[in-house]
Number of protein chains: 2
Amino acid sequence: MKLLDISEVVASSGLPASTLRYYESLRLITSAGRHGLRRQYEPEVIQRLALIDMGRAAGLSLGEIGALFGRKATPDIPREDLHQRALALDSEARGMMALATMMRHVADCPAASHMECPSFLKLLRVGSAHRARVRVRKRQAVRTPSRGRV
Amino acid sequence: MKLLDISEVVASSGLPASTLRYYESLRLITSAGRHGLRRQYEPEVIQRLALIDMGRAAGLSLGEIGALFGRKATPDIPREDLHQRALALDSEARGMMALATMMRHVADCPAASHMECPSFLKLLRVGSAHRARVRVRKRQAVRTPSRGRV
DNA sequence: CCTTGACCTCAAGTTGGCTTCAAGTCGTAG
DNA sequence: CTACGACTTGAAGCCAACTTGAGGTCAAGG
């Protein structure tokens, strides 16, 4: 297969060259060679970038993504981890949808100010209580560094 | 009503005092006075913090949240904006759920490596194509500074 | 051969949202 | 009255994920 010039990768991935170089410095991708100075990539890099992209969308940091790849080209994520991530994503998504519902309710609510609408106030309390709990858990996780993985 | 000492606000909001001071410096909240040096807050601050929290959960920056409050105590967000935000949230939530579904599929997929599962590859392409489009839109938004609000 | 322009490197800068630090100030318990 | 400890201040630091800038190199077109 022919190699792709960095400009082609930029075009087809939508990522700027600086980001590609940055990812390379983090060893998330590798360039297959140079043409003069210009990086040339194997076509698989596109798939790999898509994978990285997906990891980001799933809430992973670049460091975590790098760890998933390990030394191999394909990630081979433990299936249990995938289930965990899926659960976390679902719950986050549900939270967002609840919030959306709430915002719609508020938008259509006849009370003059949102702060006078009892439903709004109730949802406000519930939502923030939930997020407060999450914050507390996070802080505990930081104080107890070993058990933090997802 | 009695005022709340900052320590009480810390306890009931779950936010550290440093964050409260930070929010105050951004004029997102106000302290009602001091007891010695200690900030005292009106009880309403709890609600306000919940509101801020909600805004963050909805994807607003602290700056945007401040703008929503304007000079008034209650936000009075234009209802159309709320609908827009709700739509954006829903679509993001749907994306996350799709991702979760995909991860579950992959977890249960019999292919030896994820990269050999055709469904995975297909979803990978679709998802990343979508996010690439979003990226392009964002960059255009930056280049065209005037139309960027939500 | 020479110019051009897209790439290169490395270091430093940016953004958002906080946190941390050193040094200082108070109210309160003893 | 004094010590304690929880608060205060302003400035600086931190983190992730990039981006930007200055100065350099190179392949290709004219």
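In what follows, chains carry the letters A, B, and so on, assigned in the order in which the sequence lines appear, proteins first and then strands, with residues in each chain numbered from 1.
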Residues that [X] engages under side chain to side chain contact (heavy atoms under 4.5 Å, CB included), provided they are two or more places apart:
X	result
Glu92(A)	Met96(B)
Leu26(A)	Tyr22(A), Leu28(A), Leu62(A)
His35(B)	Gln40(B)
Asp90(A)	Arg94(A), Met97(B), Ala100(B), Arg104(B)

Problem set entry | DNA chain D contacts among residues 17-33 of chain B, heavy-atom distance under 4.0 Å |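 Only Arg21(B) qualify.
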Seminar exercise, completed: Contacts satisfying salt bridge (charged side-chain N to carboxylate O under 4.0 Å, His left out) that involve residues 13-30 of chain A (not counting sequence neighbours) are Glu24(A)-Arg39(A)
Problem set entry | Geometric cation-pi criterion Arg48(A) and Phe69(A), 6.0 Å radius, 45° cone | yes
For this session: Quick one: list whatever passes side chain to side chain donor-acceptor pair (under 3.5 Å) with Thr30(A), sequence neighbours left out.
Result: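 Once residues adjacent in sequence are excluded, Thr30(A) has no partner under the side chain to side chain donor-acceptor pair (under 3.5 Å) criterion.
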Problem set entry | Any residue meeting salt bridge (charged side-chain N to carboxylate O under 4.0 Å, His left out) with Glu116(B), in chain and number order, not counting sequence neighbours | none
Exercise. In chain order, what residues pass the salt bridge (charged side-chain N to carboxylate O under 4.0 Å, His left out) check against Glu8(B), with sequence neighbours excluded?
Worked result: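 Result, salt bridge (charged side-chain N to carboxylate O under 4.0 Å, His left out) vs Glu8(B): none returned.
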Problem set entry | Residues clustered with Leu87(A), ILVMFWY side-chain links under 4.5 angstrom | none
Problem set entry | First encountered from the 5' end of DNA chain C, between Asp5(A) and Leu62(B) | Asp5(A)
Problem set entry | First-last contacting nucleotides on DNA chain D - partner chain A, under 4.0 angstrom, heavy atom |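 Boundary nucleotides touching chain A, in 5' to 3' order, are dA17(D) to dA28(D).
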Problem set entry | Atom-pair distance (CZ on Arg56(B); P on dG16(C)), nearest Å | 11 Å
For this session: Using a 4.0 Å cut-off on protein heavy atoms (strictly under), produce a 5'-to-3' string for nucleotides 22-29 of chain C with B for base contact, S for backbone-only sugar-phosphate contact, and - for none.
Result: --BBSSS-
